[in-house]
Number of protein chains: 2
Amino acid sequence: MDVRTICLGILTRADATGYEIKKRVEEGGYRHFVEASFGSIYPALDKLTKDGLVSVRAEVQEKKPNRKVYSITKAGRSAFIAALMGPLPQDCHRWPFAFAMKFADLLPEQRIAQMLDAYTAQTENTLTQLQQAGAKPQSRGEHFATGLGRAAYGAILDYLREHRVELEVQTAEAAE
Amino acid sequence: MDVRTICLGILTRADATGYEIKKRVEEGGYRHFVEASFGSIYPALDKLTKDGLVSVRAEVQEKKPNRKVYSITKAGRSAFIAALMGPLPQDCHRWPFAFAMKFADLLPEQRIAQMLDAYTAQTENTLTQLQQAGAKPQSRGEHFATGLGRAAYGAILDYLREHRVELEVQTAEAAE
DNA sequence: TTGATCTATATCGGGCCAATATAGACTGCG
DNA sequence: CGCAGTCTATATTGGCCCGATATAGATCAA
C-alpha cells in the first residue's frame, strides 16, 4: 500500500494535516497494518494535490504554526476505491526477531532469554493496543481488521509463552 | 534487518552466489521472515567484500555464466553475531489486506468476497509452506521460528474462516 | 527448432525511512 | 519567574531498498 493510497484512505474518514495523518497511522487503528513517515507523507500530499485528488486550505493562525488542512476530492475518493478494487500489494512481514531466532545456536543463552523477554513484552503491548481499539465503536470492516490483528498477535504471544522453553533448553545444553 | 545482515546470516550456513542467496530468501525457511531483492543483494555483497566481511572466489566456467561464490570471513561472522547482540530492527508488518478491510463499507459486496477468498487461499499456501519447512530436519532455533510462523498464519486462517460472515452480512445489508 | 524456463550478474528510477532542521506554543517543575 | 521538555506542524536530505529491465548462455519440452 503506497503512502498516497494510505493518505487517501485516512482522508476518507476526516480532513487532516500531514501531521495528523502521521499520528493516525501511528496511533489510530492503522498502526499495525501500514506505516508511513513524514519523508513520504508530505511529498505524497503534494503529488495528490497536483493530481487533483485532494484539496488544501491553509489555516494561517496568528502566533501558531500554519496548518495545511487536506480534504479528499470526489476524484480522490474514486481513485481510492479504484485502488482497493485493483490488485492489492503483497503483504510485507519483516520479522527480524524470527530471523534472529533461526541463529539461536550462535548466540549465548542469556541473549536468547533477553530477546524472548523483549519480544514477549512488545507483543503484549501490541495486543493491549488492539484490544483497546476493539473496544471503541467501529464499522464492521474496522472491527474485522482489528480482530484479525488480535488473532495473529494473540497466537504469537501464546506460542512464545508455550515454546520458549524449547530454545532455553537448547542453549542450556550448548553451554554445558 | 538490512540486506547486508541477511546475506551474512545465510552465508553462515553455506557459501553461496548472489543468485543462491535470493533463492534461499525466497524459498528456504527465511521466506516468511525477511525479504531481499537483487537490487539490494548485489550491492550488499559488494560492500561486504570491501569491508572484509565476506570473500569471493570467481568460478569461471567455460560455456556457462560465471559464478561469484561468496564465503563469510571470521570478521563477518563476528559482525553478524554483533548485529544479533545489538538491538534488532522493529518488525514491519505491512498488511494491505487488513487496511483494505477497514474500508469495506466503501466497496461492493462481491469485491469483499473476492478479497477474502484470495487472502484465504494465499494464507493457506503460506501455511502449507511452513508445514513443509517444519517437516525437514532443523536446528531448534529454526524449528522455533517455523513454529512461530505456523502459529501466526494458522490463527489468521482460522479467523478468516470464522469471521468472514460478519463482513458479508454487512455488505449484504448495505446492498439492500 | 523454437520458445520457455533456469542460472547468473548487474543497473536504474523511484519510493520510502530515519534523522535532522526549524519554530512557536504549551506545560510542569523548582 | 524562568527554563527545560514536550507538542504541533512543515520540510528536506542521504541512503536503503524494491521492481523492472537488460543481458546471456544452458537446458528442456513440444
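Labels below follow one simple rule: chain letters A, B, ... track the order of the sequence lines, proteins then strands, and each chain is numbered from 1. None of the values given here were measured: they were computed from a predicted structure.
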Length of the CD-C1' vector between A:Gln90 and C:dG15, whole Å: 18 Å
Could you go through the side-chain contact (heavy atoms from CB on, under 4.5 Å) check for A:Ile156 and A:Phe97 one step at a time? CA-CA 12 Å; A:Ile156 290 169; A:Phe97 168 76; over 6 Å; no
Give the rounded distance in Å between these two atoms: NZ of A:Lys22 and P of D:dT12. 16 Å
Shortest non-hydrogen pair, B:Thr123 vs B:Tyr153, comes out as CG2-O, 3.6 Å
Grab the CZ-P distance between B:Arg67 and D:dG25 for me, whole Å please. 18 Å
In whole angstroms, the gap separating P of D:dA11 from CG of A:Asp46 amounts to 7 Å
Hey, is the main chain of B:Ser71 close enough, under 3.5 Å, to the side chain of B:Arg57 for a donor-acceptor pair? no
Nearest-nucleotide comparison on DNA chain C, the residue closer to the 5′ end among B:Val69 and A:Ser37: B:Val69
A:Arg13 and B:Asp105: salt bridge (Lys or Arg N to Asp or Glu O under 4.0 Å), yes or no, with the steps? CA-CA 11 Å; A:Arg13 302 305 189 193; B:Asp105 51 308; 2.9 Å; yes
Checking C:dC17, C:dA8, D:dT8 against the side chain of A:Ala36 (C-beta onward), the nearest is C:dC17
Tell me whether the side-chain N/O atoms of B:Lys68 come closer than 4.0 Å to OP1 or OP2 in C:dA10. yes
Please check the phosphate of C:dT7 (OP1 and OP2 only) for any side-chain N or O of B:Lys23 closer than 4.0 Å. yes
Residue closer to the 5' end of DNA chain C, B:Gly39 versus B:Glu20 (nearest nucleotide): B:Glu20
Give the C-alpha distance, both sets of side-chain angles, the deciding distance and a yes or no for side-chain contact (heavy atoms from CB on, under 4.5 Å) between B:Met101 and B:Met115. CA-CA 9 Å; B:Met101 286 300 108; B:Met115 286 164 108; 3.8 Å; yes
Run the side chain to side chain donor-acceptor pair (under 3.5 Å) test against B:His143 and tell me which residues pass, sequence neighbours left out. none
Once you build an axis from the first five pairs and another from the last five of the helix from C:dT1-D:dA30 to C:dG30-D:dC1, how far apart in angle are they, to 10 degrees? 30°
Check the pair A:Leu48 / A:Cys7 against side-chain contact (heavy atoms from CB on, under 4.5 Å), numbers first and verdict last. CA-CA 9 Å; A:Leu48 288 170; A:Cys7 290; 4.0 Å; yes
Those residues of residues 2-19 of chain B lying under 4.0 Å from DNA chain D by at least one heavy atom: B:Asp2, B:Val3
Of B:Ala44 and B:Phe38, the one whose closest nucleotide on DNA chain D sits nearer the 5' end is B:Ala44
When B:Val34 is tested against each of B:Val3, B:Asp2, B:Ile6 for side-chain contact (heavy atoms from CB on, under 4.5 Å), which residue passes? B:Ile6
Atom pair distance, as rounded to whole Å: CG in A:Asn66 and P in C:dT22: 18 Å
Could you check how far CD1 of A:Ile41 sits from P of D:dT8, rounded to whole Å? 15 Å
Using a cut-off of strictly less than 4.0 Å, decide whether B:Ser40 has a side-chain nitrogen or oxygen near OP1 or OP2 of D:dC18. yes
Nearest-angstrom distance from the residue atom NZ of A:Lys47 to P of D:dA11: 18 Å
Could you pull out the closest heavy-atom pair between B:Glu35 and A:Cys92, with the gap in Å? OE2-CA, 3.8 Å
Are A:Tyr19 and A:Tyr42 close enough, and set up right, to give a side-chain contact (heavy atoms from CB on, under 4.5 Å), and what steps lead you there? CA-CA 9 Å; A:Tyr19 184 79; A:Tyr42 285 114; 4.2 Å; yes
Between B:Leu45 (CG) and C:dA10 (C1'), how many Å, whole number? 12 Å
Counting only side-chain nitrogens and oxygens, does B:Tyr42 get under 4.0 Å of the OP1 or OP2 atom of C:dA10? no
